[in-house]
Amino acid sequence: MKFFIDTANLKDIQEAVDLGVLDGVTTNPSLMAKEGIKGMDNVMAHYRQICELVDGDVSAEVIATEFSEMVREGEMLADLHPNIVVKVPMTRDGVKAIRYFSEKGIKTNCTLIFSAGQALLAAKAGATYVSPFVGRLDDIGHDGLQLVEQLVQIFSNYGYPTQVLAASVRHVPHLIQCAEIGADVVTCPLSVITGLLKHPLTDNGLATFLADHKKVNS
């Protein structure tokens with residue numbers, strides 16, 4: 001399973017790179033705004049900086065909602081760097097744009113997926129990734145992980161090359177369950193990735209080893 005980090009924070013991205021486990025990055029306008037990145041030129045420059053840090057796919061989201069503008073914006077993003085994946089919303093025009101980009105050889109990530117039907121349309125249109133939002137479904141009383149499991153099964157049934165990218169992953173159990181289900185990719189904050197390092201027995205065991213070492217070498 002690939003690990004993507006869901007952020008526009010360069011420090012967090014670098015820390016994940018240094019850990020040696022990062023496969024890519026996902027971003028969106030909200031994450032850009034959180035980092036104070038404003039204006040098209042600054043946003044584009046920030047995407048280039050992210051691509052220079054990461055040896056993997058970097059999802060950059062279009063703001064447009066109409067097909068022609070999605071195409072224009074998506075092509076501009078794709079021209080920034082070979083690592084760029086154009087992130088497109090799950091709408092009628094979004095599906096049309098995914099087909100267009102697919103035929104042009106431009107990678108896409110269909111975002112805001114909340115049903116198997118939506119994901120199936122995106123896969124049929126040629127999406128590189130589909131992003132079911134696990135946490136947001138959980139928020140409204142639905143089982144987000146069940147959707148991930150459905151998509152893994154459906155794509156396996158028909159041999160779709162589209163990858164299931166589990167998004168809105170908020171904690172370590174989410175990530176582990178996505179791995180058990182067979183998600184191709186999980187995207188999450190740095191805290192979830194580093195959370196995998198932690199276990200109280202590891203901490204206790206290390207403390208014991210160090211204490212014993214100190215005794216025999218004092």
Side-chain angles (χ1 to χ4, degrees), residues 1-28 30-32 34-35 49-59 83 85 87 109 111-114 116 119 128-156 162-218:
M1 185 174 71
K2 297 177 186 175
F3 283 11
F4 287 7
I5 187 172
D6 192 38
T7 187
N9 184 285
L10 297 179
K11 183 180 178 181
D12 282 358
I13 293 169
Q14 185 62 62
E15 186 174 341
V17 169
D18 291 344
L19 191 59
V21 299
L22 189 66
D23 299 295
V25 174
T26 56
T27 63
N28 59 48
S30 297
L31 292 172
M32 283 287 185
K34 184 179 179 181
E35 298 305 316
Q49 285 182 281
I50 292 173
C51 289
E52 288 168 5
L53 292 176
V54 181
D55 183 19
D57 287 344
V58 176
S59 286
N83 288 359
V85 175
K87 199 172 182 183
N109 176 1
T111 189
L112 296 172
I113 295 286
F114 294 101
T128 311
Y129 301 99
V130 293
S131 291
F133 277 45
V134 176
R136 292 198 197 180
L137 280 168
D138 288 354
D139 288 343
I140 63 168
H142 291 260
D143 188 343
L145 289 164
Q146 183 180 40
L147 175 59
V148 174
E149 188 171 16
Q150 273 187 299
L151 302 189
V152 170
Q153 181 64 58
I154 290 169
F155 291 177
S156 175
T162 301
Q163 297 181 53
V164 178
L165 192 165
S168 189
V169 170
R170 296 175 176 169
H171 45 69
V172 168
H174 264 169
L175 190 153
I176 296 300
Q177 287 169 302
C178 285
E180 290 175 337
I181 289 166
D184 299 290
V185 189
V186 64
T187 188
C188 57
L190 176 64
S191 60
V192 177
I193 295 174
T194 56
L196 295 169
L197 293 165
K198 300 173 184 177
H199 195 285
L201 293 180
T202 300
D203 296 339
N204 292 340
L206 182 58
T208 299
F209 294 156
L210 292 174
D212 289 344
H213 175 75
K214 186 175 180 179
K215 288 177 185 177
V216 300
N217 287 279
S218 59

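- Here the side chains of L145 and L137 are not in contact, with every heavy-atom distance at 4.5 Å or above.
- Here OG1 of T7 is found 8.5 Å from CG of L190. Values are rounded to the nearest 0.5 Å.
- Taking the side-chain hydrogen bond (donor to acceptor under 3.5 Å, both in side chains) definition, one finds that Q49 meets it with nothing, sequence neighbours left out.
- Atom CD1 of I113 sits about 13.5 Å away from atom OG of S168, to the nearest 0.5 Å.
- Taken from CD in Q150 to CD in Q153, the straight-line distance is 10.0 Å, to the nearest 0.5 Å.
- The shortest side-chain heavy-atom distance between M1 and L175 falls under the 4.5 Å cut-off.
- Distance check, rounded to the nearest 0.5 Å: CD1 of I176 to CG of L196 gives 5.5 Å.
- Considering all non-hydrogen atoms of both residues, V169 and C178 come closest at CG2-SG, 4.4 Å.
- Side-chain contact between L147 and F133 is absent, with no heavy atoms from C-beta onward closer than 4.5 Å.
- Remark: N28 CG to K34 NZ distance equals 10.0 Å, nearest 0.5 Å.
- Listed by first then second residue, pairs satisfying side chain to side chain donor-acceptor pair (under 3.5 Å) with a partner in residues 173-202 read T26-T187, D138-H174, not counting sequence neighbours.
- Shortest non-hydrogen contact noted between A8 and I50 is CA-CD1, 4.4 Å.
- With sequence neighbours excluded, the residues that form a side-chain hydrogen bond (donor to acceptor under 3.5 Å, both in side chains) with E35 are N9.
- S156 places no side-chain N or O within 3.5 Å of a backbone atom of V152 that could act as its donor or acceptor partner.
- Residue pairs meeting the ring pair (Phe, Tyr, Trp, His ring centres under 6.0 Å) criterion with at least one member in residues 1-20, sequence neighbours excluded, are F4-Y129.
- Inter-residue side-chain proximity for D18 and Q14 is flagged as met; some heavy-atom pair is nearer than 4.5 Å.
- The two residues A166 and V148 have their closest heavy-atom pair at CB-CG2, 4.3 Å.
- Atom CG of residue N109 and atom OG1 of residue T162 lie 10.5 Å apart, to the nearest 0.5 angstrom.
- S131 places no side-chain N or O within 3.5 Å of a backbone atom of L112 that could act as its donor or acceptor partner.
- I5 and A16 make their closest contact through CD1-CB, 4.2 Å (heavy atoms, listed as atom of the first residue, atom of the second, distance).
- By the neighbour-count criterion of 12 heavy atoms within 6.0 Å, atom CG of D143 is densely surrounded, having more than that number from other residues, nucleotides or ligands.
- The minimum heavy-atom distance linking G195 with V172 is given by the pair C-CG2, 3.7 Å.
- By the side-chain hydrogen bond (donor to acceptor under 3.5 Å, both in side chains) test, E15 is found to be paired with no residue, residues two or more places apart in sequence or in another chain being considered.
- Summarising the geometry of I193 relative to V21, their closest heavy-atom pair is CG2-CG2, 4.1 Å, with the distance given to 0.1 Å.
- Checked against salt bridge (charged side-chain N to carboxylate O under 4.0 Å, His left out), D139 has the following partners two or more places apart in sequence or in another chain: R170.
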